[in-house]
J.: 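This is the structure I want to talk about, given as structure tokens.
Nothing here was measured: the structure is a model prediction, and the numbers come from that model. We number each residue from 1, following the sequence as shown.
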Amino acid sequence: MTSSHSHHPYHLVDMSPWPLTGSISAMMLTTGLVKWFHQYNMNLLMLSLMATLLTMIQWWRDITREGTYQGLHTSMVVSGLRWGMILFIVSEILFFFSFFWAFFHSSLAPNIEIGMYWPPLGIQAFNPFQIPLLNTTVLLSSGATVTWAHHSIMESNHSQALQSLLLTVILGIYFTFLQGFEYIEASFTIADSVFGSTFFVATGFHGLHVLIGTTFLLICLIRLYNCHFSSEHHVGFEAAAWYWHFVDVVWLFLYIFIYWWGG
């Protein structure tokens with residue numbers, strides 16, 4: 001199979017154990033969460049997180065080797081990777097669309113069980129001009145810095161690309177810290193009526209996507225430091241930047257409708 005790579009532009013992947021270990025780790029993660037919730041025992045959860053982390057590191061190592069050192073990511077393969085990322089982001093848009101649907105369904109016509117008010121009686125929503133506005137500024141700034149990094153890579157300006165991408169990762173971590181502080185200071189919980197449910201599910205899943213995006217960019221930062229990207233070949237960074245811009249846009253909708261209008 002290896003000898004046939006030179007006869008066509010496609011990448012026929014070699015056999016790999018990581019899809020199997022990833023699937024087992026995901027199943028262990030689900031079971032570990034259930035065990036933690038019902039038996040207050042985190043042993044299986046911690047084991048699954050360790051197995052998932054090891055799978056991620058080794059799978060990403062293999063993909064990096066294939067694209068950077070073995071030359072298997074041809075222009076045809078890169079085109080497929082780009083389309084795959086685009087379709088993945090479209091699926092994520094539909095994922096968040098369901099949360100906004102639930103929010104508008106409950107907020108535009110609040111029922112009698114919550115006092116026919118939105119926010120429901122007894123719930124003190126966040127002031128949108130405090131931490132939420134700061135988080136908006138942080139995330140929009142990170143969108144600007146990741147664009148700066150992209151242009152620096154295309155212009156082969158290695159030092160500026162490193163600086164701007166490092167700043168993006170720092171801003172992503174800062175956003176997560178601020179959101180965690182906001183959750184700690186919240187006067188309501190996910191169990192406080194449909195308002196708490198829609199708020200924490202929508203913002204919580206967005207926070208999870210920020211963590212994933214920050215990890216994505218951190219891996220790109222390490223690869224950039226090791227000179228894996230060139231001005232012509234940096235599809236891994238492009239995918240991370242697209243994902244980060246998607247996270248930015250979703251936050252704008254969350255801020256405008258859930259924090260500002262809905263609060």
Side-chain angles (χ1 to χ4, degrees), residues 56-57 60 63-64 67-68 73 78 81-93 95-96 126 128-183 202-260:
M56 289 163 57
I57 291 172
W60 291 344
I63 295 172
T64 300
T68 306
H73 288 181
V78 166
L81 291 173
R82 286 196 177 104
W83 274 110
M85 193 65 196
I86 290 170
L87 293 175
F88 171 69
I89 291 175
V90 169
S91 73
E92 292 285 270
I93 291 171
F95 178 71
F96 277 98
F126 288 102
F129 301 107
Q130 293 180 349
I131 290 181
L133 182 59
L134 176 59
N135 259 342
T136 303
T137 305
V138 169
L139 211 53
L140 290 180
S141 299
S142 70
T145 55
V146 79
T147 303
W148 174 21
H150 193 187
H151 282 277
S152 298
I153 291 174
M154 289 190 295
E155 294 171 2
S156 300
N157 192 330
H158 189 69
S159 61
Q160 282 201 16
L162 277 174
Q163 294 168 16
S164 52
L165 190 53
L166 176 61
L167 186 56
T168 306
V169 171
I170 292 172
L171 289 172
I173 295 171
Y174 185 43
F175 176 93
T176 301
F177 169 79
L178 287 173
Q179 190 170 35
F181 178 76
E182 181 183 67
Y183 281 3
T203 60
F205 269 110
H206 177 268
L208 175 63
H209 282 70
V210 170
L211 282 173
I212 294 170
T214 304
T215 306
F216 203 169
L217 291 170
L218 180 60
I219 298 301
C220 288
L221 179 63
I222 296 171
R223 294 189 63 194
L224 181 64
Y225 180 78
N226 290 317
C227 301
H228 288 181
F229 298 135
S230 68
S231 59
E232 301 296 330
H233 193 88
H234 52 269
V235 66
F237 174 81
E238 283 183 334
W242 291 351
Y243 188 84
W244 196 251
H245 288 310
F246 156 74
V247 169
D248 282 350
V249 173
V250 170
W251 175 257
L252 283 177
F253 280 95
L254 285 172
Y255 176 74
I256 292 170
F257 292 112
I258 293 184
Y259 282 98
W260 191 2

J.: With a 3.5 Å cut-off and no angle check, do the side chains of Thr168 and Trp244 form a donor-acceptor pair?
T.: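 The criterion, which ignores hydrogens and geometry beyond distance, is not satisfied for Trp244 and Thr168.
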J.: Could you give the distance from CD1 (Ile222) to CG (Leu217), rounded to the nearest 0.5 Å?
T.: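 Interatomic distance, Ile222 CD1 to Leu217 CG, rounded to 0.5 Å: 11.5 Å.
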J.: Keeping Tyr225 on the side-chain end and Cys220 on the backbone end, is there a donor-acceptor pair under 3.5 Å?
T.: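 Between the backbone of Cys220 and the side chain of Tyr225 there is no qualifying donor-acceptor contact (under 3.5 Å).
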J.: For the pair Phe177 and Phe181, name the ring-plane relationship: parallel under 30°, tilted 30 to 60°, perpendicular over 60°.
T.: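 Aromatic pair Phe177/Phe181 classed parallel.
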J.: With a 4.5 Å cut-off on side-chain heavy atoms, are Met85 and Val235 touching?
T.: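 No - every pair of side-chain heavy atoms lies 4.5 Å or more apart.
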J.: If you define the side chain from C-beta out and look only at heavy atoms, does anything of His245 sit under 4.5 Å from Thr147?
T.: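 Yes, side chains in contact.
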J.: Once rounded to the nearest 0.5 Å, what's the spacing between atom CZ of Phe229 and atom NE2 of His233?
T.: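 Separation between the atoms: 9.0 Å.
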J.: Would you say the side-chain atoms of Asn157 pair up with the backbone N or O of Ile153, donor to acceptor, closer than 3.5 Å?
T.: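 Checked: no pair found.
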J.: What is the distance from atom CD of Gln130 to atom CG of Leu178, rounded to the nearest 0.5 Å?
T.: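 Atom-to-atom, Gln130:CD and Leu178:CG are 12.5 Å apart.
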J.: Identify which one of Val138, Thr214, Val169 satisfies the side chain to side chain contact (heavy atoms under 4.5 Å, CB included) criterion when paired with Tyr174.
T.: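 In the set Val138, Thr214, Val169, the residue that makes a side chain to side chain contact (heavy atoms under 4.5 Å, CB included) with Tyr174 is Val138.
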J.: Passes side-chain contact (heavy atoms from CB on, under 4.5 Å), Val146 versus Phe237? Steps please.
T.: CA-CA 10 Å; Val146 79; Phe237 174 81; 4.0 Å; yes
J.: Rounded to the nearest 0.5 Å, what separates atom CD in Gln160 from atom CD in Glu155?
T.: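 Atom-to-atom, Gln160:CD and Glu155:CD are 8.0 Å apart.
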J.: Between Leu133 and Pro128, is any pair of side-chain heavy atoms under 4.5 Å apart?
T.: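 With C-beta onward as the side chain, the pair stays apart.
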J.: Check side-chain contact (heavy atoms from CB on, under 4.5 Å) between Ser141 and all other residues, then give those that pass, not counting sequence neighbours.
T.: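 Expected list: Thr137, Leu171.
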J.: How long is the straight-line distance from CD1 of Ile86 back to CZ of Phe246, given to the nearest 0.5 Å?
T.: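 One finds 14.0 Å between CZ of Phe246 and CD1 of Ile86.
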J.: Mind checking whether Ser152 and His158 have side chains closer than 4.5 Å, heavy atoms only?
T.: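 No. Closest side-chain heavy atoms not under 4.5 Å.
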J.: Quick one: are His209 and Val250 in side-chain contact, heavy atoms under 4.5 Å?
T.: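 A side-chain contact is absent here, since even the closest heavy-atom pair is not under 4.5 Å.
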J.: Is there a side-chain contact between Ile219 and Trp60, using heavy atoms and a 4.5 Å cut-off?
T.: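 A side-chain contact under 4.5 Å exists here.
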J.: Let's go through His151 and Ser164 carefully: what are the C-alpha distance in whole Å and the side-chain angles of both, what is the deciding distance for side-chain contact (heavy atoms from CB on, under 4.5 Å) to 0.1 Å, and is it a yes or a no?
T.: CA-CA 10 Å; His151 282 277; Ser164 52; over 6 Å; no
J.: Would you kindly say whether Thr203 and Tyr183 are connected by a side-chain donor-acceptor distance under 3.5 Å?
T.: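 A donor-acceptor contact under 3.5 Å links the two side chains.
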J.: Are His228 and His234 close enough that their ring centres sit under 6.0 Å apart?
T.: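 No, too far apart.
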J.: Tell me if the centroids of the rings in Tyr259 and Trp251 come within less than 6.0 Å of each other.
T.: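 Yes, ring centres under 6.0 Å apart.
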J.: Which heavy atom of Ala202 sits nearest a heavy atom of Leu254, and at what distance?
T.: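 Answer, listing the atom of Ala202 first, then Leu254: CB-CD2, 3.8 Å.
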J.: How far does CZ of Phe205 sit from CZ of Phe95, to the nearest 0.5 angstrom?
T.: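 So the CZ of Phe205 and the CZ of Phe95 are separated by 4.0 Å.
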J.: Take a 6.0 Å sphere around CH2 of Trp260 and say whether it holds more than 12 heavy atoms from other residues, nucleotides or ligands.
T.: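 Open.
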J.: Could you walk me through whether Tyr243 and Ile212 pass the side-chain contact (heavy atoms from CB on, under 4.5 Å) test, one step at a time?
T.: CA-CA 9 Å; Tyr243 188 84; Ile212 294 170; 3.8 Å; yes
J.: More than 12 heavy atoms of other residues, nucleotides or ligands under 6.0 Å from CZ of Phe96: is that the case?
T.: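 Correct, the count exceeds 12.
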J.: Between Ile63 and His73, does a side-chain contact (heavy atoms from CB on, under 4.5 Å) hold up when you go through it step by step?
T.: CA-CA 9 Å; Ile63 295 172; His73 288 181; 4.1 Å; yes
J.: With a 3.5 Å distance limit and no angle check, can you tell me whether His206 reaches the backbone of Val247 through a side-chain donor-acceptor pair?
T.: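 Between the backbone of Val247 and the side chain of His206 there is a qualifying donor-acceptor contact (under 3.5 Å).
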